[in-house]
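Step one of this worksheet: look at the structure below.
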Amino acid sequence: MTRTTRQDPTRTRPAGTKAFAPEYQGALGALSVNASLSDVLVQGATQLRAAEQAGEEKEMARCGLAVAEAHRRLGNVTEADRAWKASYRAARSAGDVGAMAWALWSGGTLARQRGALPLAYRLLRRAADLGEGGDDVLARGYSLAGLAETGRIQGDYEAVGALHDQLLTEARGRGEVRHTVWALEGIAQMHRNTGSYDRALELFEEAARTAAAGDDRRGRAWALRGIADVVSVRDEDTERALALLSEAEADCRGMHLSSALAYNHKMRGNVLYRAGRYTEARDIYRQALGRFAAMDEQRGTALSRLGLAKSLARLGRPRSATRAELAELRDTFARIGLHHARSMVERAATELGTGPLPDTSASPANAPSRP
């Protein structure tokens, strides 16, 4: 994946322009990155039917991609799975290698969302290869970003840190706002998780400014969530953190960003828990848990369960019940392959004084998933 790819001028933008969504293609290419996902779904389905009736396989693949992504971000995982596969079949039938790459990128992103990380790696690696082979620089870049993000959420920072830096340089070179914002946020998150709060805050704030200048409301909402996290941890400024999350939530609701809204709620629970407001934290974790469960988002579900378990422990739940749930969550994180989150469970056990968690590592069912 090192060969230089030819950039398609229809899929890149000069520096200084507004953010755009490269997954909106063909008849849907004019859609804004800030378009409501419900509107994207309606328009995508309409254009997809028209392409099917006309027998235009390339257009079927392109419109199907937008439908798949709208369903995924709305939490409709069954429909998203069906749509990306149909998009791939249409692209393969049409011999459109770039569209095949985009469909696999969508499928790999969905797999990561559902906690199937080995499948996510396979699909995203294939997508990156096809993007390069088809000279689709953005499909390649987004697929590599998907691989980097999958490694990052597993906690494999050494393995993917350089790739994040590379993709940030490439995105800046293309003047692509949305991908620049993504890379800044990913690097910021790694700094935050390793305790470099000052640097994390600088990068999250840069991401928020870049997103605002490029009119990328989705990217800005994620950046505000990151800023809220850092000011809550570093500065113990609960009210500022909650205000930032409320601002981000407004954009999430306006664009119907189901996953982003669920993660926003989970972060609100984190902020409230750190402030010792355990009853409020319990209630908001329950809301986040319901949202994640509804969209089959295993990582978010498990993280919300962890926050809820900690809140309930602070509110008087018996230590034995907390210890049992923490052990189950440790095994869940191991199964998914989220190594950083596993260490969070161990720290929670120490923080809550539950005593050592039972050792279930000998069970084959609890072996960690690896790509």
Side-chain angles (χ1 to χ4, degrees), residues 18-24 31-41 69-75 109 112-113 142 145-146 149 152-153 164 168 171 176-193 200-233 237-272 284-285 287-288 290-292 294-295 297 299-300 303-304 307:
K18 299 297 183 181
F20 70 105
E23 69 271 28
Y24 300 156
L31 283 174
S32 166
V33 67
N34 298 319
S36 161
L37 292 176
S38 298
D39 291 342
V40 172
L41 188 57
E69 281 300 285
H71 275 307
R72 180 182 68 79
R73 290 165 177 157
L74 287 167
T109 306
R112 183 177 67 242
Q113 180 173 313
Y142 271 63
E149 185 162 347
R152 176 170 55 78
I153 67 172
H164 274 79
L168 174 59
E176 192 192 348
V177 170
R178 187 178 173 208
H179 221 189
T180 298
V181 170
W182 166 85
L184 286 168
E185 291 170 352
I187 297 167
Q189 191 64 51
M190 288 187 282
H191 280 291
R192 180 261 179 265
N193 288 346
L201 185 59
E202 289 175 4
L203 290 167
F204 277 128
E205 289 178 338
E206 182 181 352
R209 290 193 302 270
T210 303
D215 194 25
D216 176 9
R217 291 166 55 195
R218 180 187 307 159
R220 184 170 180 271
W222 282 105
L224 292 180
R225 174 184 173 276
I227 295 171
D229 184 25
V230 176
V231 300
S232 168
V233 172
D237 192 339
T238 302
E239 294 312 313
R240 183 185 174 209
L242 292 175
L244 288 165
L245 290 170
S246 294
E247 186 177 352
E249 181 175 344
D251 276 339
C252 292
R253 290 188 180 280
M255 298 172 63
H256 298 174
L257 301 175
S258 300
S259 180
L261 181 59
Y263 274 105
N264 181 288
H265 282 183
K266 187 195 74 67
M267 183 56 67
R268 184 177 291 272
N270 292 356
V271 170
L272 292 167
I284 201 71
Y285 279 132
Q287 289 183 34
R291 288 183 178 277
F292 284 125
M295 65 180 72
E297 221 280 23
R299 173 173 169 253
L303 289 171
S304 298

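Note that the structure is predicted; figures quoted are calculated from it, not measured. Just so it is clear, the values below take in all heavy atoms, side chains as well, and ignore hydrogens, waters and symmetry mates.
- In summary, the side chains of Arg291 and Ser304 do not present any donor paired with an acceptor at a separation below 3.5 Å, with no hydrogens or angles considered.
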Check your understanding: What do the steps show when you test Ser246 against Arg268 for side chain to side chain contact (heavy atoms under 4.5 Å, CB included), and what is the final call?
Key -> CA-CA 9 Å; Ser246 294; Arg268 184 177 291 272; 2.9 Å; yes

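- Here the shortest heavy-atom pairing between Val231 and Leu244 reads CG2-CD1, 4.4 Å.
- Across every non-hydrogen atom of Ala262 and Ala288, the tightest pair is O-CB, 3.8 Å.
- To the nearest 0.5 Å, atoms CE (Met295) and OG (Ser258) are separated by 5.0 Å.
- Note: Phe292 and Tyr263 have perpendicular aromatic rings, judged against thresholds of 30 and 60 degrees for the angle between ring planes.
- Taking Ala211 as the reference, Val181, Asp216, Arg220 meet the side chain to side chain contact (heavy atoms under 4.5 Å, CB included) condition, with sequence neighbours excluded.
- Between Leu245 and Leu224, every side-chain heavy-atom pair lies at or beyond the 4.5 Å cut-off.
- Side-chain contact between Arg112 and Arg299 is absent, with no heavy atoms from C-beta onward closer than 4.5 Å.
- The side chain to side chain contact (heavy atoms under 4.5 Å, CB included) check on Ser36 picks up Ser38, Asp39, His256, with sequence neighbours excluded.
- Rounded to the nearest 0.5 Å, atoms CG (Leu184) and CD (Glu202) are 11.5 Å apart.
- Once rounded to the nearest 0.5 Å, the distance linking CZ of Arg225 with CE of Met267 reads 4.0 Å.
- Taking a cutoff of 4.0 Å between a charged side-chain nitrogen and a carboxylate oxygen, Arg178 and Glu23 qualify as a salt bridge.
- The shortest side-chain heavy-atom distance between Phe20 and Pro22 falls under the 4.5 Å cut-off.
- Under the 4.0 Å criterion applied to side-chain N and carboxylate O atoms, Asp229 and Arg192 are assigned as salt-bridge partners.
- Considering every non-hydrogen atom in both Asn264 and Glu249, the closest pair reads ND2-N, 3.6 Å.
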Check your understanding: Would Ile227 and Phe204 satisfy side chain to side chain contact (heavy atoms under 4.5 Å, CB included), going step by step from the backbone distance to the final call?
Key -> CA-CA 6 Å; Ile227 295 171; Phe204 277 128; 3.6 Å; yes

**Study point:** Full working for side chain to side chain contact (heavy atoms under 4.5 Å, CB included) between His71 and Leu41
**Key:** CA-CA 7 Å; His71 275 307; Leu41 188 57; 3.4 Å; yes

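- Here the side chain of Glu239 pairs no donor or acceptor atom with the backbone of Ala241 at under 3.5 angstrom.
- A side-chain donor-acceptor contact under 3.5 Å links Thr180 to the backbone of Glu176.
- Here the side chains of Arg218 and Leu257 are in contact, with some heavy-atom distance below 4.5 Å.
- When atom types are taken as modelled, the side chain of Tyr285 and the backbone of Asn270 share a donor-acceptor pair closer than 3.5 angstrom.
- Here the CE-CG distance, from Met190 to Leu203, works out to 9.5 Å after rounding to the nearest 0.5 Å.
- Within the 3.5 Å criterion, the main-chain N or O of Ala213 finds a donor-acceptor partner in the side chain of Lys18.
- Scored by the side chain to side chain donor-acceptor pair (under 3.5 Å) test, Glu69 finds Arg72, Arg73, Ser106 as partners (sequence neighbours excluded).
- For the pair His164/Trp182, a side-chain contact is recorded, criterion being any heavy-atom separation below 4.5 Å from C-beta on.
- From Cys252, atom SG reaches atom CD of Glu247 across 11.0 Å, with rounding to the nearest 0.5 Å.
- Annotation for Gly186 and Arg152: closest pair O-CD, 3.3 Å, computed over non-hydrogen atoms.
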Check your understanding: Taking it one step at a time, do Glu185 and Glu149 satisfy side chain to side chain contact (heavy atoms under 4.5 Å, CB included)?
Key -> CA-CA 10 Å; Glu185 291 170 352; Glu149 185 162 347; over 6 Å; no

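- Salt-bridge formation is detected for the pair Asp251/Arg217: a Lys NZ or Arg NE/NH1/NH2 atom is positioned less than 4.0 Å from an Asp or Glu carboxylate oxygen.
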